[in-house]
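One structure below.
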Amino acid sequence: MQEKLRQIGDKSEVKEFRSVAGGGDINNAYYVKTEKNKYFIKTNEKVPSDFFQLEAKGLEAIRQTNTINVPKVYHYDIATNNEEIMLIMEWIAGDKRQANGNLLGENLASMHLAEAGPQYGLDIPTFVGDLVQENSWYDSWVEYYQKQRLQTQLELGIQRDSMPQMRRSRLETLIDKLDNYIPKRPKVSLLHGDLWGGNWLAGPRGIPYLIDPSILYGDHAFEIAFTELFGGFPTSFYQSYQAIFPLPDYYEDIKPIYQLFYLLVHLNIFGEGYGGAVDRILNQYT
């Protein structure tokens, strides 16, 4: 780590080094304080070579909207021979008990309203946890969600034996009839893509920051549906978001379909503990 810090111009002495939580489920994470600066460093040797590069690209895409804060990225590695790779970012210090939920909602709504291209999806793969999320550009949001989100999790579930016949049949039916439920061409928004309660931080003075993105361009309701799945967002967040970028009247009708993707991801990563929630949604729509 000291050598990497020298490479980015910090040749000062390391004053403090400790392991911290917050690197996600699969990374090692550290707080490093030098005489010059404070850093958050993540390392991993069991992920694809471009794992941290794609995270850095996602943070930069969010930064470019000039709407919501993200940590500054100082360095990322691209592995060549299954070596350990490293991501060095600025250290964000704050207390979520002092978080400005109103500002989080306002800033996220502004990000979703920021200018975006005409298509849905993305031109590079991303990651959801340690699962590769393949992407491509689509003119139809329904087609993207069918092919790149639900269908890919269905196929992975078949490989991992998480798709008993009834579950598989109902998911296939929902995928086939998806255009009956979700909009074909909603406003194109840049989405964080993995926005659960652990992927936002309160910085100094409670200013919100987003971390660990898995970006895509899609329906903003998809993002908000996930924030509601596992909690971790204050009531003021939703109130201020709605004031700037209201959700459609049919949001409650489609929310479970959008949450289904993330439940399928958890099913395929963590196992049958999420099967009941998946089946309840499939039973509701099929």
Could you walk me through whether Leu264 and Leu171 pass the side-chain contact (heavy atoms from CB on, under 4.5 Å) test, one step at a time?
CA-CA 10 Å; Leu264 288 168; Leu171 182 52; 4.1 Å; yes

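- For the pair Glu90 (side chain) and Pro71 (backbone), a donor-acceptor distance under 3.5 Å is absent.
- Distance check, rounded to the nearest 0.5 Å: CD of Gln64 to CG of Leu190 gives 11.0 Å.
- Once rounded to the nearest 0.5 Å, the distance linking CD of Glu55 with CD1 of Ile211 reads 8.0 Å.
- Of all non-hydrogen atoms in Ala202 and Ala99, the two that sit nearest each other are CB-CB, 3.7 Å.
- Under the 30°/60° scheme for interplanar angles, the aromatic rings of Tyr120 and Trp141 are found to be tilted.
- In this structure the side chain of Thr67 never reaches within 4.5 angstrom of the side chain of Asn107, judged on heavy atoms.
- Scanning all heavy atoms of the two residues, the minimum distance from Leu282 to Arg170 falls at CB-CB, 4.0 Å.
- Rounding to the nearest 0.5 Å places CG of Leu247 at 8.5 Å from CD of Glu252.
- Trp137 and Tyr217 have tilted rings, their planes meeting at an angle from 30° to 60° on a 0 to 90° scale.
- Atom CG of Asn180 sits in a crowded spot, with more than 12 heavy atoms from other residues, nucleotides or ligands closer than 6.0 Å.
- Using modelled atom types, one finds a donor on one side chain and an acceptor on the other under 3.5 Å when comparing Gln151 with Glu155.
- Residues Val278 and Leu260 form a side-chain contact, since some pair of their non-hydrogen atoms from C-beta on lies under 4.5 Å apart.
- Looking only at distances, no side-chain donor or acceptor of Arg168 sits under 3.5 Å from a matching main-chain atom of Met163.
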Run the side-chain contact (heavy atoms from CB on, under 4.5 Å) test on Glu16 and Lys38 for me, step by step, so that the C-alpha distance in whole Å, both residues' side-chain angles and the decisive distance to 0.1 Å come before the verdict.
CA-CA 9 Å; Glu16 186 178 351; Lys38 299 175 183 178; over 6 Å; no

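- Here the straight-line distance linking atom CD1 of Ile207 with atom CG of Leu201 works out to 13.0 Å at 0.5 Å rounding.
- Annotation for Lys187: atom NZ counts as buried by contact number, over 12 foreign heavy atoms lying within 6.0 Å.
- Between Ile92 and Phe40 the shortest side-chain heavy-atom distance does not fall below 4.5 Å.
- Residue Ser49 comes nearest to Ile85 through the heavy atom pair O-CD1, 4.0 Å, listed as atom of the first residue, atom of the second, then distance.
- Using cut-offs of 30° and 60° for the angle between ring planes, the Tyr274 and His266 rings count as tilted.
- Here the side chains of Phe222 and Ile182 are not in contact, with every heavy-atom distance at 4.5 Å or above.
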Would Asp139 and Gln119 count as a side-chain hydrogen bond (donor to acceptor under 3.5 Å, both in side chains) here? Give the steps.
CA-CA 5 Å; Asp139 293 325; Gln119 291 183 298; 3.0 Å; yes

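- By the 6.0 Å contact criterion, CZ on Arg205 is open, its count of non-hydrogen atoms from other residues, nucleotides or ligands being 12 or less.
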Step by step, would you call Phe226 with Tyr258 a ring-ring contact (aromatic ring centres under 6.0 Å, His included)?
CA-CA 7 Å; Phe226 186 39; Tyr258 284 162; over 10 Å; no

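- With contacts defined as side-chain heavy-atom distances shorter than 4.5 Å, the pair Phe127/Asp50 qualifies.
- The backbone N or O of Ile62 sits less than 3.5 Å from a side-chain atom of Thr65, completing a donor-acceptor pair.
- The local environment of NZ in Lys72 is sparse, with at most 12 non-hydrogen atoms from other residues, nucleotides or ligands closer than 6.0 Å.
- If you check the side chains of Glu223 and His112, you find a donor sitting under 3.5 Å from an acceptor.
- Salt-bridge annotation for Lys57 and Glu60: absent, with no side-chain N of the basic residue lying under 4.0 Å from a carboxylate O of the acidic one.
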Go through the steps for Asp194 and His192 under the test side-chain contact (heavy atoms from CB on, under 4.5 Å), then give the verdict.
CA-CA 6 Å; Asp194 193 14; His192 175 282; 3.9 Å; yes

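- Scanning all heavy atoms of the two residues, the minimum distance from Arg63 to Val73 falls at NH2-N, 4.2 Å.
- Within the 3.5 Å criterion, the main-chain N or O of Ser214 finds no donor-acceptor partner in the side chain of Thr126.
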side-chain contact (heavy atoms from CB on, under 4.5 Å) evaluation trace for Asp77 with Thr43
CA-CA 9 Å; Asp77 290 325; Thr43 68; over 6 Å; no

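- Summarising the local packing, CD of Glu115 is surrounded by 12 or fewer heavy atoms from other residues, nucleotides or ligands at distances under 6.0 Å.
- Rounded to the nearest 0.5 angstrom, Glu3 CD and Ile8 CD1 are separated by 11.0 Å.
- In terms of heavy atoms, Pro208 sits closest to Asn69 at O-CB, 3.4 Å.
- At distances below 3.5 Å, at least one donor-acceptor pair connects side-chain atoms of Trp200 with backbone N or O atoms of Gly232.
- Contact between Ser189 and His220 at its shortest, heavy atoms only, is OG-CB, 4.0 Å.
- Distance check: Lys4 NZ to Ile41 CD1 gives 10.5 Å after rounding to the nearest 0.5 Å.
- Here Asp179 does not pair with Lys184 in a salt bridge; the nearest charged N to carboxylate O distance is not below 4.0 Å.
- Between Thr227 and Tyr238, some side-chain heavy-atom pair lies under the 4.5 Å cut-off.
- Taking the six-membered ring where the residue is Trp, Tyr181 and Tyr285 present perpendicular rings, their angle passing 60° and hence far from 30°.
- Within the 4.5 Å cutoff, no side-chain heavy atoms of Thr173 are placed close to those of Asp176.
- More than 12 non-hydrogen atoms from other residues, nucleotides or ligands lie less than 6.0 angstrom from CE of Met1.
- Between Asp219 and Tyr145, the closest side-chain pair of non-hydrogen atoms is not below 4.5 Å.
- Checking Asp10 against Tyr39 by side-chain atom types alone, a donor-acceptor pair falls below 3.5 Å.
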